[in-house]
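A short worksheet on the structure shown next.
Each chain gets a letter, A, B and so on, in the order its sequence line appears, and its residues count up from 1.
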Amino acid sequence: MAKDKKLVEAITSMDTDFAQWYTDVVKKAELIDYSSVKGCMVIKPAGYAIWENIQKELDRRFKETGVENVYMPMFIPESLLQKEKDHVEGFAPEVAWVTHGGLNPLQERMCVRPTSETLFCDFYANDIQSYRDLPKCYNQWCSVVRWEKETRPFLRSREFLWQEGHTAHATAEEAEERTIQMLNLYADFCEEVLAMPVIRGKKTDKEKFAGAEATYTIEALMHDGKALQSGTSHNFGDGFAKAFGIQYTDRDNKLQYVHQTSWGMTTRLIGAIIMVHGDDSGLVLPPRVAPLQVMVIPIQQHKEGVLERAEELKAMLAKAGIRVRLDDSEKSPGWKFSEQEMRGIPIRVELGPKDIEAGKCVLVRRDTREKIECTLDKVTETVEELLDNIQHAMYTRAKAHLESHISDVKSYAEFQDAVENKPGFIRAMWCGSEECEIKIKEDTTATSRCMPMKEEEAVADVCVCCGKPAHKLVYWGKAY
RNA sequence: CGAUGCGUGGCUCAGCUUGGUAGAGCGCUGCGUUCGGGACGCAGAGGUCGCAGGUUCAAAUCCUGUCGCAUCGACCA
């Protein structure tokens, strides 16, 4: 009993306090530490390794579509930031300024990039001359700074890691095509690799990116029923091109403006993984992003031959390309079990003298805690199969959670009731006016998340807020 | 930016009301016994009490100021 109690105290239960649970998991799984700079975090090896896996997989997928990586400066002169009006207005409140170089004040202050549209545009203005230079499909991996007031590990920090893709195209059609292509790439990535189902949709004008013509988003649903914007893809049309003078000469020797896109994903995804898959014992990582897929835990490791057999087992799994480690520390097995669970490692392999004698081992899957006996000669294939099962089971579970947390509402009363009592997405019709959007937000704190791209049947024919005719279906919800 | 809370060994905190020169649990180090759900014994190391002033013979404790962090709201990936 005393032992159980200790376990329970380690991580706050989700149902008791979801926010505290999140913080506990982040720390117990050793993903981050708070730093002495407010709102900035130290990403520890366990957290950074997840990001590296995300990077590796995304980067590969980007390159398959013809994207190349570049690196831009981290400083933006004020004059450059101000070239596109909506863009500055959107970002000015949250940029950090550099005013001095060494001891001397700068002629012009510079902000630390909150995003690099302006830098890419400035560069493209010179780099693009002819239709032969198009399209340009560049991406950069970097960190950006936004001086947030309220910060939370991974979900909102003052500095965060991300990738930002910036493309320039000859035609509006091509730009739109790229915008959608990247949105789908993001969605597929989330579903296939992170086992996280998402709603693909378009943002309303109110919610779109500062300076964009259209913003597309993928919205995921967290365990507590709140939405998390998990990736965005913007079509800029020729707005930035006109502000920055990005023109090319077409085949007919006429000057044309380019059409641009940008798209990004951030370390926030790690927050999403935690809140979609985690449980009261800690993190649960989908095998495909898990830095460690298997932890081998020897029982009575001091006994003759146990560690040797465990090493062999580890080597065998490693040889098959499985990311595996042996926990041969002096901790007790129970400690190691808890540790492996908090860290979300998908499979634990227990190996003790009894197993060795019987020529088997015990596999325990993290997602269901199911224990599986397995003969030692079949470990590799069983583990491979199990990793695959876990990946799919996690997706299926998350998908079921998403689908069972979507409410259709027709009236404003129903809407308010749903916001209060039915955590999750709310599907409701909207007339298209910003007033209704604002009113809904003020009344309920729910915001419009997106208008789904997939054809979906209308819930009603009038706006849920004002009652005027409406044909836009919107997913609403409380969001992080 | 508003509200709230918190700053004392690595962590969580007690001590402050009533001033007298710093404690506990966990963690850490060493040795030994343990090992199938956070084991135990013994011996140790580790703190100018967030910072700066002030009051006092004497300040973690009282006074003034200041800084930082966390949580919750408004804004945002």
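Contact of A:Gln300 with B:G36 (side chain to base): no donor-acceptor pair of N or O atoms is detected under 3.5 Å. You'll find a donor-acceptor pair under 3.5 Å spanning the side chain of A:Arg348 and the base of B:G37, going by distance alone.
Nearest nucleotide to the A:Ser338 side chain, out of B:C76, B:C1, B:G37: B:G37. With distances taken from any side-chain atom of A:Ile299 to the nucleotides B:C76, B:G36, B:C1, the minimum falls on B:G36. Side chain of A:Pro333, nearest nucleotide from B:C35, B:U34, B:C75: B:C35. Each of B:G36, B:G37, B:G27 was ranked by its minimum atom distance to the side chain of A:Lys331; first place goes to B:G27.
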Verdict with reasoning, A:Lys226 to A:Asp224, per salt bridge (charged side-chain N to carboxylate O under 4.0 Å, His left out)
CA-CA 6 Å; A:Lys226 282 167 89 173; A:Asp224 63 346; 5.0 Å; no
Does A:Glu341 form a salt bridge (charged side-chain N to carboxylate O under 4.0 Å, His left out) with A:Lys28? I'd like the steps, not just the answer.
CA-CA 10 Å; A:Glu341 283 169 4; A:Lys28 282 289 182 180; over 6 Å; no
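Comparing the same atom, C1', in B:A45 and in B:C1 gives a spacing of 46 Å after rounding to whole Å. B:G54 and B:U8 have their P atoms separated by 24 Å, given to the nearest Å. Spacing between B:G46 and B:U4 at atom P, rounded to whole Å, works out to 41 Å. Here the separation of B:C11 from B:A70, taken at their P atoms, is 15 Å to the nearest Å. As rounded to the nearest Å, B:C6 and B:C16 have C1' atoms that lie 15 Å from one another. Taking the P atoms as reference points, B:G47 lies 14 Å from B:C51, given to the whole Å. B:U12 sits 33 Å from B:C76 when the C1' atoms are compared, rounded to a whole Å. Separating the C1' atom of B:G19 from that of B:C49 is a span of 15 Å, rounded to the nearest Å.
Distance A:Trp335 CH2 to B:C28 P: 7 Å, rounded to the nearest Å. For A:Glu373 and B:G36, the CD to P distance is 17 Å, given to the nearest whole Å. One atom, CG of A:Asp224, and another, P of B:C72, lie 12 Å apart when rounded to the nearest Å. Rounded to an integer number of Å, the gap from A:Lys208 NZ to B:C75 C1' is 19 Å. With rounding to whole Å, A:Lys371 atom NZ is found 11 Å from B:G36 atom P. With rounding to whole Å, A:Arg449 atom CZ is found 10 Å from B:C76 atom P. One interatomic measurement links the two molecules: NE2 of A:His302 to P of B:U34, which rounds to 7 Å at whole-angstrom precision. Whole-Å rounding puts the A:Glu442 CD to B:A74 C1' distance at 11 Å.
Under a 4.0 Å N-O distance rule, the pair A:Arg60/A:Glu57 qualifies as a salt bridge. A salt bridge is defined here as a Lys NZ or Arg NE, NH1 or NH2 lying under 4.0 Å from an Asp or Glu carboxylate O, and A:Glu207 with A:Lys441 fails to meet this definition.
Within the model, atoms CD of A:Glu117 and NE2 of A:His166 stand 4.5 Å from one another, a figure rounded to the nearest 0.5 Å. In this structure, the separation between OG1 on A:Thr217 and CE on A:Met453 is 10.5 Å, given to the nearest 0.5 Å. Atom CE of A:Met72 is separated from atom OH of A:Tyr138 by 8.0 Å, given to the nearest 0.5 angstrom. Between A:Thr368 atom OG1 and A:Arg397 atom CZ the span is 7.0 Å, to the nearest 0.5 Å.
For RNA chain B, runs of at least 3 consecutive pairs of the Watson-Crick or G-U wobble type, with both hydrogen-bonding distances under 3.5 angstrom, map to B:1-7 with B:67-73, B:10-13 with B:23-26, B:28-33 with B:39-44, B:50-54 with B:62-66.
At a threshold of 4.0 angstrom between heavy atoms, the contacts of A:Phe154 include nucleobase atoms, whether or not backbone atoms are also involved. Using a 4.0 Å heavy-atom cutoff across all strands shown, A:Glu350 reaches at least one base atom of the nucleic acid. Here A:Lys27 lies out of heavy-atom contact (under 4.0 Å) with every strand. Residue contacts for A:Leu155: at a heavy-atom cut-off of 4.0 Å it reaches a base atom on one of the strands shown.
For an aromatic pair to be called close, the ring centres must be under 6.0 Å apart, and A:Phe123 with A:Phe244 fails this. Checked against the 6.0 Å centroid threshold, A:Trp51 and A:Phe154 do not count as a close aromatic pair.
For A:Lys303, no side-chain nitrogen or oxygen approaches OP1 or OP2 of B:G36 to under 4.0 Å. Distances shorter than 4.0 Å separate some side-chain N or O of A:Ser332 from OP1 or OP2 on B:A39.
In terms of position on RNA chain B, the residue among A:Ile356 and A:Thr445 whose nearest nucleotide sits closer to the 5' end is A:Ile356. With the nearest nucleotide of RNA chain B identified for both A:Thr267 and A:Ser281, A:Ser281 has the one nearer the 5' end.
Side chains of A:Glu176 and A:Asn235: a donor-acceptor N/O pair is present below 3.5 angstrom, by distance only.
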Below 3.5 Å is the cut-off: list the nitrogen or oxygen pairs between protein and nucleotides 69-71 of chain B, distance only.
unit_1 : atom_1 : unit_2   : atom_2 : d
B:C69  : OP1    : A:Lys38  : N      : 2.3
B:A70  : OP2    : A:Lys38  : NZ     : 3.4
B:U71  : OP2    : A:Thr151 : O      : 3.4

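The salt bridge (charged side-chain N to carboxylate O under 4.0 Å, His left out) with A:Glu191 is formed by just one residue from the set A:Arg200, A:Arg288, A:Lys399; it is A:Arg200.
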